[in-house]
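Whatever order the structure lists ligands and atoms in, that order sets their numbers, starting from 1. Atom set for the values below is all heavy atoms of this structure, side chains included, hydrogens, waters and symmetry mates excluded. Predicted model, so just to flag it, every value in this text is computed and none were measured. Position 1 is the first residue of the sequence, and the numbers go up from there.
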Amino acid sequence: MYQVIARKYRPQSFDDVLNQDHIKTTLRNAIEQNRIAHGYIFSGQRGTGKTTTARIVALCLNCEKGPTDKPCGVCPSCVEIAAGGAVDVIEIDAASNRGINEMRELRENVRYQPARDRYKIFIVDEAHQITNEAFNALLKTIEEPPEWAVFILCTTESHKIPATIASRCQHFSFRSVDFNDLIDRMREICTSEGVETDDETLAVLAQAGEGSVRDSLSALDQAIACCGNKLNADQVRGLLGAFGLDAMAQVTAALSANDGAAMLGLVDELERNGGSPQHFSRELSRYIRNLLVTKIAGEDSRLVTASPAEKKELARIAGMFAEEDLTRYLQFSLELFRDLQFSMQPRFHLEIGLLKMIQAGKLVGIEEALASVGGETRQAAAPPARVAAAPAQATPAYSAPSPAPRAPVSPGPNKPAAPQQIFAGPPSPDDDWREKLQSGMIKAGLQFSADAMGHAEAALVNNELIIRAPKQFQLDLGREEIVAALKQMGHPTLRFKVVFGDVKPPGGEGGQTPKSAPKPVAQDEVTERALNHPEVQKFRDLFGGEVRNVRNLKE
Ligand SMILES: Nc1ncnc2c1ncn2[C@@H]1O[C@H](COP(=O)(O)OP(=O)(O)OP(=O)(O)O)[C@@H](O)[C@H]1O
Ligand SMILES: [Mg+2]
Ligand SMILES: [Zn+2]
């Protein structure tokens, strides 16, 4: 009688089980050291080896030569267990035996010694289906079972196993099987079945299983049944309803070309070929997800299950989009997939969904936009920095001088042209230091500092510049700003001191106070300056909109 490949090639020893190394090692050690627990939970994705491993544990424990981690495979116990007919290995399908009566029966059964073998092993498949009362009936048995009893609860949904049961068991989670290992295994199977294939076909079959070995092997069975002893990728794709990268790449091509008509053409073709919109959107999500992962993790990422040639192509396509674009497309495609599950008009839904992706368009990432604004001014910062005489010092990022295409409004009569000459010569106490500092700051692109200077006093006393400013300008009149201004003024080494506190109202008494009173900067002047600022202009170019209100944060 014909036996399906998945069963025919069911591993009979730990060595044959793909991956799951953490589980194999622990179980092997436990068997070797004779530290067998009475309760195990094997959880994980379907078709990853839970039932298989449970049977291998049974073989190991009950083999005549055992307990051993290498069962002989030929003794009556081994043969019977492998064939699934051993009296002392009881497999219970909890999907159909989930009630309290079945569990009471089981409890009775546990009490009797094994008929022939060392252990009585209960393999409970789909254990999460057992009802709560039934679990409670089992609790005592699992906690204090007779020495010969071993329970192995297999489940795809371990969170549904009550904590009371779980805490009495050792828990192993089975991982989905590595793509390349699975391909290797299928290649071996094909060889021993006398089936000719190639890597691309095997990749299609491996993808079809989505990490489940059983599903991939079933697909292989189906492919052999359909195509005979020679498998080719296109045929197998057609059989499994899988979409090749080419088909999917048409979607991204339409996206990148903003071509709605092409998108609609795709849907039409899908329908004419009898394809299912649901299936298509699912494959589309997977495809976009692969693009996104490739974009983030690189072409060689193990997170993408695809053949090397496909990975290369994915990387090429991913290069046409930004990470943010792909993230949004993935979001859209998942929403589309969800909507299609309930849709009465799947075709229309698919059309709308794909068109929405186009309409969403490609966005310029906000970081990119901001970087371009900052980048320009940062570049512009270079030449003025060279003007400064003193060796370059770290300047705060925002102090980068802007090239100011339209001359910035200067608070004083001095146009900032040729400042070196104006400020040349030894420092003199008679100069208007506040004004000089303001001009220097404007020259250095420190608009806010220049504004702040408007509220400050400055005087040269014993060759030291004393600056007094209200407390709220502490940030704008830091040492770095003043050093930058002094450099612009041609006094890079002048000693100075900044005192924050009360500043006398404009027009204060003589002595060391500056000659002219601080001039508050008029609001429309501030507005004009803000609007003329190149970064502001760049922002307006990028984001549009209007500037309604300009506020000096320091006031
Ligand atoms: N890790 C693996 N290594 C090799 N073959 C495997 C592995 N996992 C599954 N298989 C193959 O898949 C078939 C089904 O495996 P098994 O019954 O152990 O899966 P399962 O995890 O119990 O799945 P389910 O949750 O659906 O019960 C096996 O007969 C075997 O051929
Ligand atoms: Mg199973
Ligand atoms: Zn044996």
Side-chain angles (χ1 to χ4, degrees), residues 3-25 27 31 40-86 88-89 91-97 116-119 121-129 152-158 160-161 172-190 192-193 205-206 208-221:
Q3 203 178 17
V4 296
I5 287 177
R7 282 189 61 193
K8 187 165 166 189
Y9 292 91
R10 187 193 279 278
Q12 299 296 336
S13 73
F14 286 127
D15 287 336
D16 294 339
V17 175
L18 291 178
N19 303 166
Q20 326 299 3
D21 293 338
H22 57 303
I23 298 173
K24 294 192 285 188
T25 311
L27 287 174
I31 291 166
Y40 290 99
I41 293 176
F42 289 177
S43 70
Q45 203 199 332
R46 64 178 197 279
T48 48
K50 300 182 293 294
T51 309
T52 303
T53 307
R55 287 209 190 148
I56 293 174
V57 171
L59 283 172
C60 292
L61 294 181
N62 279 353
C63 171
E64 273 180 9
K65 309 247 161 57
T68 167
D69 61 342
K70 293 190 182 60
C72 73
V74 291
C75 69
S77 300
C78 283
V79 172
E80 279 177 26
I81 295 170
D88 290 324
V89 178
E91 291 201 27
I92 300 154
D93 175 16
S96 45
N97 301 290
R116 178 189 63 198
D117 296 336
R118 226 167 274 119
Y119 287 96
I121 297 152
F122 298 86
I123 300 176
V124 185
D125 251 325
E126 315 295 330
H128 58 272
Q129 303 247 21
I152 304 178
L153 310 180
C154 301
T155 175
T156 45
E157 296 173 55
S158 61
K160 290 197 182 154
I161 308 274
F172 293 99
S173 15
F174 284 66
R175 302 177 184 151
S176 55
V177 173
D178 183 79
F179 187 68
N180 292 321
D181 292 342
L182 179 51
I183 288 186
D184 291 344
R185 169 59 58 92
M186 288 200 293
R187 196 182 292 116
E188 284 165 24
I189 293 178
C190 285
S192 76
E193 291 283 309
L205 291 166
E210 293 182 21
S212 157
V213 185
R214 188 200 294 109
D215 291 5
S216 290
L217 295 184
S218 304
L220 175 61
D221 247 327

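Looking at Gln20, Arg185, Gln45 one by one, the single match for side chain to side chain contact (heavy atoms under 4.5 Å, CB included) with Val177 turns out to be Gln20. Of the options Phe14, Phe172, Tyr40, a side chain to side chain contact (heavy atoms under 4.5 Å, CB included) to Ile23 is made by Phe172 and by none of the others.
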task = Begin from the C-alpha positions of Glu157 and Gln129 and carry the test side-chain contact (heavy atoms from CB on, under 4.5 Å) through to its verdict.
result = CA-CA 9 Å; Glu157 296 173 55; Gln129 303 247 21; over 6 Å; no

task = Test Arg10 against Thr51 for side-chain contact (heavy atoms from CB on, under 4.5 Å), laying out the working first.
result = CA-CA 10 Å; Arg10 187 193 279 278; Thr51 309; 4.3 Å; yes

task = Run the numbers on Cys60 and Thr68 for side-chain contact (heavy atoms from CB on, under 4.5 Å), then give the verdict.
result = CA-CA 5 Å; Cys60 292; Thr68 167; 5.5 Å; no

task = Go through Glu64 and Asp117 one step at a time and tell me if the side-chain contact (heavy atoms from CB on, under 4.5 Å) criterion holds.
result = CA-CA 8 Å; Glu64 273 180 9; Asp117 296 336; over 6 Å; no

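Ligand 1 lies within reach of Thr48, whose nearest heavy atom is under 4.0 Å from it. Within the 4.0 Å heavy-atom cutoff, Lys8 does not count among the residues contacting ligand 1. Between Pro11 and ligand 1 there is a heavy-atom distance shorter than 4.0 Å.
Any N or O atom pair closer than 3.5 Å counts here, and Lys50 shares at least one such pair with ligand 1. Residue Val213 has no N or O atom closer than 3.5 Å to an N or O atom of ligand 1. Residue contacts with ligand 1: Thr52 is placed with a nitrogen or oxygen under 3.5 Å of a nitrogen or oxygen of the ligand (distance criterion only). Below 3.5 Å of separation, one finds no N or O of Arg7 facing any N or O of ligand 1. By the 3.5 Å distance cut-off applied to N or O atoms, Val17 is not counted among the residues near ligand 1.
Gln3 and Tyr9 share no donor-acceptor pair across their side chains, judged by distance under 3.5 Å alone. Of the N and O atoms on the side chains of Asn62 and Ser77, not one donor lies less than 3.5 Å from an acceptor on the other residue.
Of the protein's non-hydrogen atoms, the one nearest atom 17 (O) of ligand 1 is Arg214 NH2, 3.3 Å. Regarding atom 3 (N) of ligand 1, its nearest protein heavy-atom neighbour is Leu18 N, 2.8 Å. Protein heavy atom at the shortest distance from atom 22 (O) of ligand 1 is Thr51 OG1, 2.6 Å. The protein non-hydrogen atom at the shortest distance from atom 23 (O) of ligand 1 is Gly47 N, 2.7 Å.
The CE atom of Met186 sits 7.5 Å away from atom SG of Cys190, with the distance rounded to the nearest 0.5 Å. Here Ser216 contributes atom OG and Leu205 contributes atom CG; the two are 7.0 Å apart, rounded to the nearest 0.5 Å.
Atoms of ligand 1 found under 4.0 Å from any heavy atom of Arg185, numbered from 1 in the order shown, are 4 (C). Near Ala6, meaning under 4.0 Å from any of its heavy atoms, are these atoms of ligand 1: 28 (C), 29 (O), 30 (C), 31 (O). Ligand-side atoms of ligand 1 in range of Leu217: 31 (O), range being under 4.0 angstrom from any heavy atom. Interface of Thr156 with ligand 1, defined as ligand atoms under 4.0 Å from a residue heavy atom, comprises 25 (O).
At a cut-off of 2.8 Å, Thr52 is not counted among the residues with an N, O or S atom near the Mg ion (ligand 2).
In Phe42, neither the side chain nor the backbone holds a heavy atom less than 4.0 Å from any atom of ligand 1.
Expressed to the nearest 10°, the angle at the Zn ion (ligand 3) joining SG in Cys75 with SG in Cys72 is 100°.
For Arg118, the CZ atom counts as densely surrounded, since its 6.0 Å shell holds more than 12 non-hydrogen atoms of other residues, nucleotides or ligands.
Using a cutoff of 4.0 Å between basic side-chain nitrogens and carboxylate oxygens, Arg116 and Asp88 are not scored as salt-bridged.
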